[in-house]
Amino acid sequence: MAITTQNPIAIVELCSTLRQLRQLHGHLLAAGVLLDPPLFAKFVAAVALSPRTPHHLPYSHELLSHSPHHASLFALNSMIRAHSKSSTPIKSFHFYRQILLADALSPDNYTFNFLIRACAQASAPEAGRAAHAAALRRGFLSDAHVQSGLIHMYAELGSSDAFRRVYGELQNPDLVTQTAMVSACAESGEIELARQLFDEMPHRDVVAWNAMIAGYSHLGRSREALDLFGLMQVEGVRIGEATMVSVLTACAHLGALDQGKWVHVFVEKNKLRLTVTLGTALSDMYFKCGCVARAMDVFWRMKERNVYTWTSAISGLAMNGNGGKCLELFEQMKDDGVLPNEVTFVALLRGCSVAGLVEDGRDVFESMKSRYGIEPWLEHYGCVVDMYGRAGRLKDAISFIDAMPMEPHAGAWGALLNACRLHKNIELGEYAMEKMMQLELRNHGAYVSLSNIYAESRNWHGVSDVRELMKAKGVRKEPGCSVIEVDGQLHEFFVGDKSHPKYIKIETTMKEMMSKLRSAGYVSRTNQVLFDIEEEEKEDALCWHSEKLAIAFSLMSLRDGVTIRIVKNLRVCWDCHETSKFVSKVFDREIVMRDRNRFHHFKDGVCSCMDYW
DNA sequence: ATAGGGTTAG
């Protein structure tokens with residue numbers, strides 16, 4: 001590496017190994033650059049905050065402890081800041097004490113801001129209250145960023161009363177503080193209050209808009225997030241990278257491909273740099289819209305990829321049923337020197353599961369602990385159960401559950417139950433259901449799965465028993481909802497929904513569609529279709545599942561050859577799945593359907609899931 | 001010289 005002393009700080013960013021950092025340090029030392037205290041402080045700060053080096057934090061600590069006379073307030077504040085974002089935030093207090101112990105130094109507003117954020121990151125209420133008290137004692141509570149930090153911290157700690165009190169005591173809250181309050185209210189679920197505060201703000205900058213948009217996005221209220229983004233453009237607020245990230249998240253959640261593409265064009269037209277965060281959000285949006293090729297294209301165009309980027313891609317491939325590619329990507333991730341985390345393994349195991357790669361999956365699960373020192377979560381166990389079950393190895397699945405070191409959760413039994421549905425094992429299915437109900441009485445998905453097991457084996461008594469049970473336990477099925485996008489406009493359909501302005505035409509189209517499908521050999525299995533519907537509606541032959549309504553509407557609205565893209569909130573039922581297969585053949589139309597778990601790509605009468613889901 | 005908002009899975 002060629003080293004100049006022109007801009008030592010920028011070079012820190014380029015180092016990706018501890019050796020390179022040491023080398024750089026040696027060169028700067030030899031050149032006498034680090035004799036200048038401000039530059040030394042900057043160097044330490046850059047090392048501490050350098051995101052690319054795994055050992056940057058201990059190394060910056062080492063640098064600092066070898067030159068105590070250089071430990072300026074700036075350097076120590078930087079250490080507190082760096083730790084506040086790390087996995088060991090509580091170490092911030094070590095540097096806070098160092099400031100207190102140094103005769104020539106005393107903490108300032110920056111110190112407390114970072115310290116308070118460290119407490120939030122550490123979820124440490126006692127430390128947080130101590131930092132709050134210290135900031136008060138030293139007179140820094142008038143600082144907007146300290147206020148903002150406190151509000152953020154109490155929101156993070158789940159203490160709604162506390163952040164309201166902090167905010168309530170202020171006479172004239174600054175823009176920064178108001179924004180923190182909006183964000184805190186949204187985070188604690190009080191989105192309406194957040195919106196009210198937001199609307200009442202005399203000035204709203206980009207950050208305030210982003211906080212509000214992210215608030216909606218976080219609660220899954222993605223349409224409101226996009227609506228607000230529209231308003232933001234009307235007001236002429238300058239749109240930046242962070243805005244785009246929030247908007248892309250909302251698009252991904254909704255499966256709003258047209259709007260997502262618009263963002264992509266915007267990013268390119270305005271020459272926004274494809275940073276890790278923005279690139280990841282963009283690639284993830286394409287994955288969640290079922291556009292694997294575009295997603296991978298963005299992925300490989302990125303200059304830098306971190307664990308989020310890789311995990312998003314592995315998970316995206318798994319969702320789209322490309323499990324083999326997941327493992328390939330995992331190898332490339334390792335070659336790139338990026339360490340996987342818990343979430344990466346969830347994605348990988350799901351990939352092995354959908355691809356039926358049982359042996360690989362078992363190796364992956366084993367390597368988690370042995371090679372990466374990662375303790376599996378309940379989710380990981382659930383994935384493995386799903387993997388065995390899906391492959392038809394129900395015995396392996398059940399003995400895996402029995403061998404779990406902790407109490408199996410409802411998810412593990414749920415995975416087994418789904419496997420029993422796929423492989424038509426009533427006896428084991430009933431057992432799994434029983435176990436599941438001891439843990440989670442209100443999981444409507446379990447009831448539907450069990451009912452489908454009965455239905456597929458024509459056991460009508462079983463079906464009605466489940467219905468009775470649901471009624472007795474007061475379990476209500478979440479209403480099925482499908483969303484499609486036509487010309488950038490989102491259309492939402494519920495089960496038996498007749499509220500769409502063009503419903504009459506939808507109904508006609510639907511009838512024509514179904515009769516064409518029937519003459520092509522489609523046979524319905526009404527028992528399953530009707531399970532989700534209320535008793536009185538059962539008689540009504542026109543009560544269609546939301547995805548069927550969405551398909552009929554697409555056929556009458558979309559030009560020939562345009563892919564139908566549907567996002568569904570629940571798992572797709574057998575009948576709608578069958579219908580989609582036939583539509584793809586009879587109407588020569590590709591359908592991409594995202595359900596609760598995965599994607600179904602229908603083409604020429606075949607689904608990418610090979611009828612296993 | 002340092003401060004706010006955002007990314008992954010379920």
Side-chain angles (χ1 to χ4, degrees), chain A residues 9 37-39 41-46 48-49 72-82 84 108-117 140 143-149 151-152 174-184 186-187 198 204-215 217-218 220 225 237 240-250 252 275-285 287-288 302 305-316 318-319 338 340-351 377-380 382-383 409-411 414 596-597:
Chain A
I9 312 312
L39 255 180
K42 265 196 150 176
F43 179 69
V44 172
L49 293 164
S72 63
L73 185 59
F74 173 74
L76 290 164
N77 279 348
S78 298
M79 293 303 286
I80 297 177
R81 178 178 166 223
S84 77
D108 63 1
N109 45 341
Y110 290 92
T111 315
F112 285 110
N113 182 23
F114 301 144
L115 198 62
I116 287 163
R117 283 175 199 281
F140 289 112
D143 184 278
H145 289 278
V146 173
Q147 296 163 5
S148 162
I151 291 169
H152 171 77
D174 181 274
L175 170 69
V176 170
T177 315
Q178 289 175 358
T179 304
M181 192 60 187
V182 166
S183 172
E187 192 187 327
F198 176 80
R204 289 172 295 214
D205 64 3
V206 212
V207 181
W209 282 93
N210 290 342
M212 196 64 229
I213 293 175
S217 216
H218 192 74
V237 187
E241 188 199 332
T243 320
M244 289 296 135
V245 172
S246 294
V247 171
L248 283 169
T249 309
T275 58
V276 197
T277 312
L278 183 56
T280 304
L282 190 59
S283 165
D284 190 60
M285 180 278 294
F287 274 122
K288 294 222 168 97
M302 290 170 65
R305 286 172 282 271
N306 63 17
V307 62
Y308 290 101
T309 320
W310 288 99
T311 303
S312 157
I314 292 172
S315 153
M319 253 190 322
V338 179
N341 64 19
E342 286 86 347
V343 185
T344 316
F345 282 102
V346 172
L348 266 172
L349 291 171
R350 287 175 66 95
W377 291 344
L378 281 167
E379 279 93 328
H380 297 108
C383 287
H409 64 315
R596 200 187 191 87
N597 284 325

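For the numbers below, each heavy atom of this structure counts, side chains included, while hydrogens, waters and symmetry mates do not.
By the salt bridge (Lys or Arg N to Asp or Glu O under 4.0 Å) test, A/Arg204 is found to be paired with A/Asp199, A/Glu235, residues two or more places apart in sequence or in another chain being considered. Under the ring pair (Phe, Tyr, Trp, His ring centres under 6.0 Å) criterion, A/Phe112 pairs with A/Tyr96, A/Phe140, sequence neighbours left out. Residues satisfying the side-chain contact (heavy atoms from CB on, under 4.5 Å) test with A/Arg81, not counting sequence neighbours, are A/Leu49, A/Lys85, A/Phe114. The side-chain contact (heavy atoms from CB on, under 4.5 Å) test applied to A/Val343 returns A/Thr311, A/Asn341, A/Trp377, not counting sequence neighbours. Evaluation of the side chain to side chain donor-acceptor pair (under 3.5 Å) rule for A/Glu342 yields no partner, not counting sequence neighbours. A/Val207 meets the side-chain contact (heavy atoms from CB on, under 4.5 Å) test with A/Thr179, A/Asp205; sequence neighbours excluded. Partners of A/His218 under the ring pair (Phe, Tyr, Trp, His ring centres under 6.0 Å) rule, at least two apart in sequence or in another chain, do not exist in this structure.
Within the nucleic acid shown, A/Asn306 has no heavy atom closer than 4.0 Å to any nucleic acid atom. If you check every strand for non-hydrogen atoms under 4.0 Å, A/Glu342 touches nothing. Nucleic acid contact class of A/Ala214 (heavy atoms, under 4.0 Å, all strands): sugar-phosphate only. Using a 4.0 Å heavy-atom criterion, one finds that A/Leu278 contacts no nucleic acid atom at all. Counting non-hydrogen atoms under 4.0 angstrom, A/Val206 reaches a base of the nucleic acid. Residue A/Thr249 is in sugar-phosphate contact alone, with no base atom involved, counting any heavy-atom pair closer than 4.0 Å across all strands shown.
A 4.0 Å heavy-atom criterion places the boundary nucleotides of DNA chain B facing chain A at B/dA1 to B/dG10, written 5' to 3'.
Side-chain contact annotation: A/Ser148 with A/Arg117, donor-acceptor N/O pair under 3.5 Å present.
Contacts with DNA chain B (heavy atom under 4.0 Å) in residues 75-82 of chain A: A/Asn77, A/Arg81, listed by number.
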